[in-house]
Engineer: 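Structure incoming, see below.
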Amino acid sequence: MQLSKSEEELMNIVWKLKKAFMKDILEAYPEPKPATTTVATLLKRIADKGFIAYNNVGRSREYYPLVMKKDYFSKHVNGLIKNFFNDSASQFASFFTQETNLSKSELEELKKLIDNEIKKK
């Protein structure tokens with residue numbers, strides 16, 4: 001299940017806050033802030049998709065994530081590799097390192113990460 005761009009923006013706020021009431025979510029949005037009704041609609045859609053839930057606290061709802069950010073983006077990246085790089089992580093890595101204009105220090109850091117993963121295997 002995927003989120004739209006506006007739903008992802010809202011989920012990033014919920015992930016950051018961990019638990020939040022509507023007023024907290026609205027405060028976390030950058031200017032220009034969306035209308036309360038827009039956020040309420042997005043919250044309902046995201047809840048219907050199973051990404052968030054809420055607890056009733058008096059007459060308010062406290063929202064919290066059901067899906068962790070790492071899990072969501074991991075699924076996205078794996079889908080990207082499958083659909084655009086013939087399910088080849090090495091093709092993805094080749095494209096990523098050549099097309100993103102990484103600096104030498106960023107490439108060295110990436111190499112360290114890869115070397116550490118190799119040691120774990």
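Sequential numbering from 1 along the given sequence is applied to the chain's residues. In what follows, every heavy atom counts, from backbone to side chain, and hydrogens, waters and symmetry copies are set aside.
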Engineer: Over all heavy atoms of both residues, which pair between Pro34 and Val39 is shortest? Give the atoms and the distance, please.
Structural biologist: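 Closest pair (atom of Pro34, atom of Val39, distance): CG-CG2, 3.6 Å.
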Engineer: Could you pull out all residues at least two apart from Lys23 that satisfy salt bridge (charged side-chain N to carboxylate O under 4.0 Å, His left out)?
Structural biologist: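 Counting only residues at least two positions away or on another chain, Lys23 forms no salt bridge (charged side-chain N to carboxylate O under 4.0 Å, His left out).
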Engineer: Do you reckon Phe96 sits in the same ILVMFWY cluster as Ile114, going by side-chain contacts under 4.5 Å, direct or chained?
Structural biologist: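 Same cluster.
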Engineer: Could you pull out all residues at least two apart from Lys49 that satisfy salt bridge (charged side-chain N to carboxylate O under 4.0 Å, His left out)?
Structural biologist: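 In terms of salt bridge (charged side-chain N to carboxylate O under 4.0 Å, His left out), with neighbours along the sequence ignored, Lys49 is linked to Glu7.
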Engineer: Have Glu9 and Tyr29 got a donor and an acceptor in their side chains that come within less than 3.5 Å?
Structural biologist: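 The criterion, which ignores hydrogens and geometry beyond distance, is not satisfied for Tyr29 and Glu9.
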Engineer: Rounded to the nearest 0.5 Å, what separation is found between the CD1 atom of Ile52 and the NZ atom of Lys19?
Structural biologist: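 One finds 14.0 Å between CD1 of Ile52 and NZ of Lys19.
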Engineer: In Å and rounded to the nearest 0.5 Å, what is the CD1 to OG distance from Ile81 to Ser90?
Structural biologist: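 OG of Ser90 is found 9.5 Å from CD1 of Ile81.
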Engineer: Applying salt bridge (Lys or Arg N to Asp or Glu O under 4.0 Å) to Lys120 and Glu117, what does each step give before you reach the verdict?
Structural biologist: CA-CA 5 Å; Lys120 291 178 186 177; Glu117 286 301 313; 3.2 Å; yes
Engineer: Hey, what do you get for CH2 (Trp15) to CG (Leu10), rounding to the nearest 0.5 Å?
Structural biologist: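 Taking CH2 in Trp15 and CG in Leu10, the distance rounds to 10.0 Å.
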Engineer: Which label fits Phe95 and Phe85: parallel for a plane angle under 30°, tilted from 30 to 60°, or perpendicular past 60°?
Structural biologist: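 Phe95 and Phe85: tilted rings.
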Engineer: Looking only at heavy atoms, which two atoms of Val67 and Gly50 are closest? And how far apart?
Structural biologist: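 Heavy atoms only, the tightest pair is CG2-O, 3.8 Å.
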Engineer: For residues 55-73, which residue pairs pass the salt bridge (Lys or Arg N to Asp or Glu O under 4.0 Å) check, not counting sequence neighbours?
Structural biologist: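 Counting only pairs at least two positions apart or across chains, no salt bridge (Lys or Arg N to Asp or Glu O under 4.0 Å) contact touches residues 55-73.
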Engineer: To the nearest 0.5 angstrom, please state how far the OG atom of Ser4 sits from the CZ atom of Arg45.
Structural biologist: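 Answer for the OG-CZ pair, Ser4 versus Arg45, is 5.0 Å.
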Engineer: Are the aromatic ring centres of Phe84 and Phe92 under 6.0 angstrom apart?
Structural biologist: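 No, the ring of Phe84 stays outside the 6.0 Å limit from the ring of Phe92, centre to centre.
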Engineer: Distance check, rounded to the nearest 0.5 Å: Lys112 atom NZ versus Asn116 atom CG?
Structural biologist: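 One gets 9.0 Å once the value is rounded to the nearest 0.5 Å.
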Engineer: Given side chains that start at C-beta, do those of Asp24 and Ile13 come closer than 4.5 Å, heavy atoms only?
Structural biologist: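 Contact flag for Asp24/Ile13 side chains = no.
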Engineer: Side-chain contact, heavy-atom cut-off 4.5 Å: Tyr72 with Glu8?
Structural biologist: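 Sidechains of Glu8 and Tyr72: in contact.
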Engineer: Decide yes or no for Met22 and Ser60: does some side-chain heavy atom of the first lie under 4.5 Å from some side-chain heavy atom of the second?
Structural biologist: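 The answer is no; the side chains never approach within 4.5 Å.
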Engineer: Under 4.0 Å between a Lys/Arg side-chain N and an Asp/Glu carboxylate O for Asp115 and Lys119?
Structural biologist: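 Here Asp115 does not pair with Lys119 in a salt bridge, since their nearest N and O are not under 4.0 Å apart.
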Engineer: Please report the interatomic distance OH(Tyr64) to CG(Leu17), rounded to the nearest 0.5 Å.
Structural biologist: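 Output value for this atom pair is 16.0 Å.
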Engineer: Is the count of non-hydrogen atoms from other residues, nucleotides or ligands lying under 6.0 Å from Lys44 atom NZ greater than 12?
Structural biologist: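 No, the 6.0 Å shell around NZ holds no more than 12 heavy atoms from other groups.
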Engineer: Just checking, any donor-acceptor pair under 3.5 angstrom between side chains of Gln91 and Ser94?
Structural biologist: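 Distance-only check fails for Gln91 and Ser94.
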